[in-house]
Every structure is written in structure tokens, then in C-alpha cells.
2 protein chains.
Amino acid sequence: MRVAVLGGDGYCGWATALYLSKKGHSVAIVDNFIRRQWDHELGVETLTPIRTLAERLRVWRDLTGNQIELFVGDVTDYDFLSSCIQTFGPEGVVHFAEQRAAPYSMIDRKHAVFTQVNNVVGTLNLLYALREFQPDCHLVKLGTMGEYGTPNIDIEEGYITIEHNGRKDVLPYPKQAGSFYHLSKVHDSHNIMFCCKIWGLRATDLNQGVVYGTITDEVALDEALINRFDYDEVFGTVLNRYCVEAAVGVPLTVYGKGGQTRGFLDLRDTVRCIEIALLNPAGRGEFRVFNQFTEQFSVLQLAEMVQAAGAKLGLEVRVEHLPDPRVEAEEHYYNAKHSKLIELGLKAHLLSDSLLDSLMNIALRYRDRIDATKMMPQVNWRNARNARRPGASADVAASGPQLAAVGANANRAK
Amino acid sequence: MRVAVLGGDGYCGWATALYLSKKGHSVAIVDNFIRRQWDHELGVETLTPIRTLAERLRVWRDLTGNQIELFVGDVTDYDFLSSCIQTFGPEGVVHFAEQRAAPYSMIDRKHAVFTQVNNVVGTLNLLYALREFQPDCHLVKLGTMGEYGTPNIDIEEGYITIEHNGRKDVLPYPKQAGSFYHLSKVHDSHNIMFCCKIWGLRATDLNQGVVYGTITDEVALDEALINRFDYDEVFGTVLNRYCVEAAVGVPLTVYGKGGQTRGFLDLRDTVRCIEIALLNPAGRGEFRVFNQFTEQFSVLQLAEMVQAAGAKLGLEVRVEHLPDPRVEAEEHYYNAKHSKLIELGLKAHLLSDSLLDSLMNIALRYRDRIDATKMMPQVNWRNARNARRPGASADVAASGPQLAAVGANANRAK
């Protein structure tokens, strides 16, 4: 199958591109390297020393004989994106090309507006390009479990049957996203559903949980193929960040009580889920939603698991409860369905002791590259502007002039 | 009360600004005149000869002694908008400053992207400006009944109680919007709800039905205060358009079977609803939704009412069923709640024979200004690009190269 991976230089995108190439698909990567640019902006580096995409692709070709095509440009540029679609002629498009960090979207107004415009316009452009030039192509879009928030009822996969006043309908599951980033994915989902309806496009929205791990079989073939491993407070997902914190001997940064429960999955399952979706495409006009995760954990449970894994390696791991920089329920009901991908053949890699050991070992192996000042949260949801200063924490930021101003103005206006 | 009306030079905005000024509120208009620019782009004019905003405001001041302040600029420009908020210090902001025509958003990709970026960024900017400079100010945001689509269950006001698998929660009502414009309002609603939660802002989302009429008590005071009356296929709302069609002797343009049922309201009720919302503000952190309409009609019912009103005036009015240029159910269940504004004191102006007579008389009075080529739909939802050519219709456009291309590509990709 001809598959274009938009955002193929990123964390999930790179692993997906290699996996699909290894499985015999014709793969093209579309990327503008903005993920690397964000590292410069934030003054952080991935734990793992990733190579340039040119070198990655050259090594992959030398090792496997498989040529991954490359289109360098921005999906918000319609001339560029539509020419990629026309030139490559994909049967499937995997769309990772979005700003994907909640804290990044909450830094300030400019980052919020950038995130929503970048993500919404990129996806609108892709929908139009498919409509105009490749209308039978299957769009596999990365959404997020965060679109649902934490409702007090079970979370279904995209839709829910509602009985109300004696009548019944199947409707889109209500969305309660928790950051401007997560909201951008909600906007995307609504836009995609509409385009499937009016233009007969085929789309699968993968509402993905929090991904952990960095090694896949393909990435492991050569040091030059190594994947990103982000541990900073902005782009580092929680389990990866905990492992780095344990390795470098700083306390694990649990936000608030730690009862925040989410769906999680191994990066090796991400790439497999993508292929399952591609091999079982949505029908013409169908907007299909899969919840893409394998297990639920609270962030405190994960911290305790990392603590135990660290002890086995002789590390003394402490857990610190920080004031939650996010506005979210710290204890809540959470039961999210995730059976559709399993029914299509997903065999999950569950979070085991051995996997945690290997994650810890990666963190230890690259310990010299860790900047221990990058893990404390500096982006507080309650602030309109977060100055990301070296050594500052969200706790400090939250007590600064921004929140004080709320109270002052509130009094004045009364 | 100090009230800023964003988009105060537009159809609902102008009537609202005058009404609030007459009722003794201190009013400021914020507008960039883009609504007038769209007339130039589309080659259309409002039926009524509206004056410049400068003249309108001068006449209003001379007649009433009330000075309406004016800020000229674009709400997507944060420096401009935030300085308006700081300078004027509103206790309430009424936000009409969005691109509000579904067909305009469906012309092509650029119009879709413009509509969503313009509306989403303008609202994000407003949320940040309130958070930073006027956090106790009450945001009254114009949403649309079109956010809900046409579900097979009763439509509630913003939220619905869902019982599911033995548990219960009150969740945002599922959204199924029917154009990129309506979707932009869905995006806004999600963003505003989130900001109320994280920043404690107060907001009322008025999910407004289709507005008809042009005269309010204030507008009627002087010819120079006359309001817009759009009848073209892009910006003309259905009942206004029918009246103009009847006056000029062309068939009423009913899309499809005409069973499309929507909520409607008189412009005089729009302005009253806005004041009711302002006088009964949402609490800190509350995101409140009111469905703002007074009666439900199908578009065919309205056509038959206009036909009857025309007969009384000696006009022979024909009804023509055109192929529906929109992708929508032409027959469906529709029962939308709208009791909250009534509970707060709204006394509705229902659509009566006498009102229809006055609407028809306005259309007849300005009959010489009617361009009879502007009523036939030229924007077809099924096309990625709609060339709005003089005399072309959506029916013709739908059979053009765009839709043919779908079939061709679909075959090629199989």
C-alpha cells in the first residue's frame, strides 16, 4: 500500500514510517522539521541523540533496501501539500503533522493560537487535497483520548447511543478537552466527520492514549535510526519523564494527588495500530473512531511502578507531589472502551517489569545527556502568560502577577 | 452597563448596539467593516441603502444624545483588541464579530480556512483579553442552533444528562454542524467552555436560530439608521430572501423537499435576548448556553406563508424546489428546547401575518434595488471549489468537473 506519513520525523511518526516500510508498504514522509525547531525554542534536547532525517533515511535504505520518499514542507501550505498528494498518490495518509504537546499550547496566547491554527488548517488542507486529488484515499488521523476529558460515565469509541425523552440516536461522544492542544484535536474531529459526510471521504480517527517507550524492532536495527525520547516538562510524556527523573536521581514529578487516570500504550502498539487501521480502511463516507490505548493507569500508579523498577536497579526513587499545573480532576471515574483495534487483531504489549527495566536502562544509558532542570513544570494552565525561566516552576509562576490580577480586577468590576 | 458590541456594524450587531444604547447602556462598537467588504467581493448589495457607520453614529447622537464609542480594527489583531478592552473597560462584551454565512464558508478551501481561522482566533483573542484585562466581564457570544445539527432526539440547551451503563453525567450536547461556518462556532463553544473552567471567566453562548426582519424601534427612528437586509444566496437568510423573491416576481428558492426545520426569531427578539443575557450574567467560571429562537418552521412552511402573504398584496408567488445545494436531511425530526430566555423574561414577537406584510412591504419599497440574479444558489457543499459566475446555479456547478473528478479518481485508486 502507498502510505504517506505526515509528521514522519517526529516521535510516533518516525517509528510508524519505519514499521510500515519494513512491512513492505511504499512509504513517503512529509515533514517540515518544526518538531526539531521547538527543541531549540524550548532549550531542550531529546534524551537520545537523533540524527538528521537525511541520515536516518540513508541508513534505512542501506540496511533494508527500502527507499522512503521525502517531501519537505509545511502541511499548512496548500500548494505544497496538494502537490505531495498528487505526486505520491497515497492510498492511505497517516496524519501526525500537528503540534502535540498540551503544555506547549498553554504557554501563552501566541502558542495557543499557533497550535489551533496550525492543527486545524493543516487538517483542513489535507481534507481538501484528498477531496480534490485522491478522494478514495483513507485518512488515518491521530486524535487523542484527551478529547473526551474525564466524564462520569464510560467513554465509548467516538459515538454514544443516547435515549432521551422516549427517542434514541447515535451521536458523537461529547467532548471536554483539557488544553488548547486537546481542543485542536476536537476541532479536527468535527471537521473530518463533516467532510466524510459531504464528500464521501474515508477516515479513521485514532484517539490515542499516552505513548511510552522509544524502541521498536526497526529503530533497534541501528544506532542511526534511534527515535526521539522527550523528557522535558513540555513534550515529555509522563512515563518517559519519570524514567529519566529516576535515572538522574530527582524526585518523580507527580502533579497533584496523582489520581489522574489515562489510557496508555507502548510505542510498538502505536505503529501496529496504524497498520491495522490502514489494512482495514473505513468505507466511503465513513468517519470511524478507535480508542487507541491498551491499559489505564493513574499517574501516581505509574510513579510507584517506576519507583519499584528503580529499586531493582539499586536506585532510590522518591515521589514528589507538586501542585497540579493543569486544571483537571485529580481523582475521578475513568473507564474507556478500547476493543475495536483488539477485534481487528491488535496484540498488546502490556506495561511489564521488563519493559520498565528497559526504559530505565535507556534513561541510564544516556544519563549524561539529561538536563535535570527541564522536568519541573513551568506552564500553569491558570496563567495567561507563562515565562519559561530556567529554574522557575509552575508553582512560582502561579503565584505571580497573572493570578493576582484576576482577583484585583474581579474586585474592581463588582 | 458598559457594553462592547464586537461586529456592531453588521445586521444583528447594529440593531443590538442601538437597542442597548437606547436602554441607557454605555455602548462601544468594535468593527473592521469586513462585512461591507464581503458585499464587494460577492458583487451584492443589501436591499436597504445603509449609510456609513460614521453617519449612522452621528445621526444616532443627534437624535438621542447618546454617544456610541467606536473602535475600528480587527479582533484577530490582539494588540488592537486588548487595547479596546483596556480602554473601554466593558462589563459585558457581545461578540458578533465573526464570518456568519454558511455558504460563504463553503465556497472553496480559502473561504473555509478563512472562516475557521477568523472566527476561532478572534474568539481566542477575546478570551485572552478578558482573562488578562477584564476577567469579571461577561462574554455574550453568538453561537448558532446549527451547532446541534438535526439529531433524532430533542435538542437541549447546551448540555444533556446522559445515563449510560448505570452511571450518569451532564455533558455538552453532541455537535453535528453542517458547514465550515457552523463548525467554527462549535470550535468556539469548546474553547469558551474550557476558558470558563481554567480562568473562571463568565460566558453565555447564545445558540441563535435564523433571524428575520430588519426593523427595530431604534432603526425606525430615521432613514439614516436603516439596517442591512441581505437577500443574496450567500448572506441572505431564508425568510428575508423569500420576501425579496416574492416582491420581484421570481420563484421562492426552496432547497430540496423543504422539510428542513430550524428555529427562527424576529430581529427585535435578538436584541432583547442580548440584553436579557447581559442583565442576568453567568457566574464566575460558568459557561451557560441558551437556545435563542422563538418558533420552529420548515423552510417549505415559510415559503407557503410568504405565498399567502403575497396573495394578499396581489402578488402571484410561485414556489420552486431546487436540488439542495447543501448536504443535509430534507426531512427529519426536530424539537429544540428554548425556555431559558423565556424564563428570564423574553416576550416573543411571533411570525404573524402583519409582520410578514411589513417584511413584504420593505421588499416592495426597495424593489428597484433588487438584483434578481443573486438568489439562485451557486455554492454547492459537494464541490471543493465553487466558481460563483453570474447566472450559474449550484445545480450546474454540481455536475461540473469537480464531482466528475471524484468518480474518476475513485476508479483509479481501486
Side-chain angles (χ1 to χ4, degrees), chain A residues 78 89 91 108-109 112-113 116-117 120-121 124-125 128 131-137 151-154 156 160 162-165 167-169 171-180 183 186-187 190-191 193-194 197-200 284 327 333 381-382 384-385 402 405-406 409-410 412-414, chain B residues 78 91 108-109 112-113 116-117 120-121 124-125 128 131-137 151-154 156 160 162-165 167-169 171-180 183 186-187 190-191 193-194 197-200 284 327 333 335 381-382 384-385 402 405-406 409-410 412-414:
Chain A
Y78 188 69
E91 296 156 277
D108 58 18
R109 188 194 63 84
V113 167
Q116 294 212 346
V117 170
V120 168
V121 173
L124 282 175
N125 280 353
Y128 270 91
R131 164 67 185 80
E132 290 206 278
F133 304 111
Q134 203 71 1
D136 201 47
C137 177
N152 195 38
I153 59 172
D154 293 345
E156 301 296 327
I160 183 168
I162 301 180
E163 290 195 44
H164 184 55
N165 298 345
R167 300 181 63 87
K168 185 152 77 168
D169 201 356
L171 295 173
Y173 198 97
K175 301 297 176 69
Q176 299 182 103
S179 75
F180 289 118
L183 285 158
V186 172
H187 306 341
H190 284 100
N191 284 341
M193 181 169 64
F194 173 66
K197 178 181 171 186
I198 62 167
W199 294 333
R284 283 301 293 262
V327 177
Y333 179 76
W381 266 225
R382 296 163 188 84
R385 299 173 193 240
Q402 291 303 331
V406 176
N409 279 345
R412 182 162 64 81
K414 262 169 200 162
Chain B
Y78 188 70
E91 294 156 276
D108 58 17
R109 188 195 63 85
V113 167
Q116 293 212 345
V117 170
V120 168
V121 173
L124 282 176
N125 280 353
Y128 269 91
R131 164 66 184 82
E132 290 206 278
F133 303 111
Q134 203 73 0
D136 201 46
C137 178
N152 196 39
I153 60 172
D154 293 344
E156 300 296 327
I160 183 169
I162 301 179
E163 290 195 44
H164 184 54
N165 299 344
R167 301 182 62 86
K168 185 153 74 166
D169 202 356
L171 294 173
Y173 197 97
K175 301 296 175 72
Q176 300 183 103
S179 75
F180 289 119
L183 285 159
V186 172
H187 306 341
H190 284 100
N191 284 341
M193 180 169 64
F194 173 66
K197 178 181 171 186
I198 63 168
W199 294 335
R284 283 301 295 260
V327 178
Y333 179 76
N335 184 36
W381 266 226
R382 296 162 188 85
R385 299 173 193 241
Q402 291 304 329
V406 174
N409 278 344
R412 182 162 64 80
K414 261 169 200 161

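Naming convention: chains lettered A, B, ... in sequence-line order (proteins, then strands); numbering from 1 in each chain.
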Side-chain heavy-atom pair [X], [Y] within 4.5 angstrom cut-off:
X	Y	result
A:Arg109	B:Arg131	no
B:Asp169	A:Pro174	no
A:Asp154	A:Tyr333	yes

| request: Answer with side chain, backbone, both or neither: which region of A:Val113 has an atom nearer than 4.5 Å to a non-hydrogen atom of chain B? | output: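 Contact with chain B: backbone and side chain both.
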
| query | Which bit of A:Glu156 comes within less than 4.5 Å of chain B, counting heavy atoms only: side chain, backbone, both or neither? | reply |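 Looking at A:Glu156, just its side chain touches chain B.
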
| message | Donor-acceptor pair, distance only, cut-off 3.5 Å: does the side chain of A:Gln116 make one with the backbone of A:Phe180? | response |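 Side chain of A:Gln116 to backbone of A:Phe180: a pair is present.
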
| task | Determine the minimum heavy-atom distance between B:Tyr173 and B:Pro151, stating which atoms define it. | result |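 What the structure gives for the nearest pair is OH-CG, 3.5 Å.
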
| Which portion of B:Asn335 sits near chain A, non-hydrogen atoms under 4.5 angstrom |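 Neither the backbone nor the side chain of B:Asn335 comes within 4.5 Å of chain A.
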
| B:Lys168, part contacting chain A, at a heavy-atom distance under 4.5 Å |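 It is the backbone, since no side chain atom gets that close.
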
| query | Of the listed residues (A:Asn152, A:Leu183, A:Val327), which shares the most heavy-atom pairs with chain B below a 4.5 Å separation? | reply |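 Heavy-atom pairs under 4.5 Å are most numerous for A:Asn152.
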
| task | Report the option among B:Ala177, B:Gly178, B:Ala112 that has the most heavy-atom pairs separated by less than 4.5 Å from atoms of chain A. | result |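 Highest number of heavy-atom pairs under 4.5 Å: B:Gly178.
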
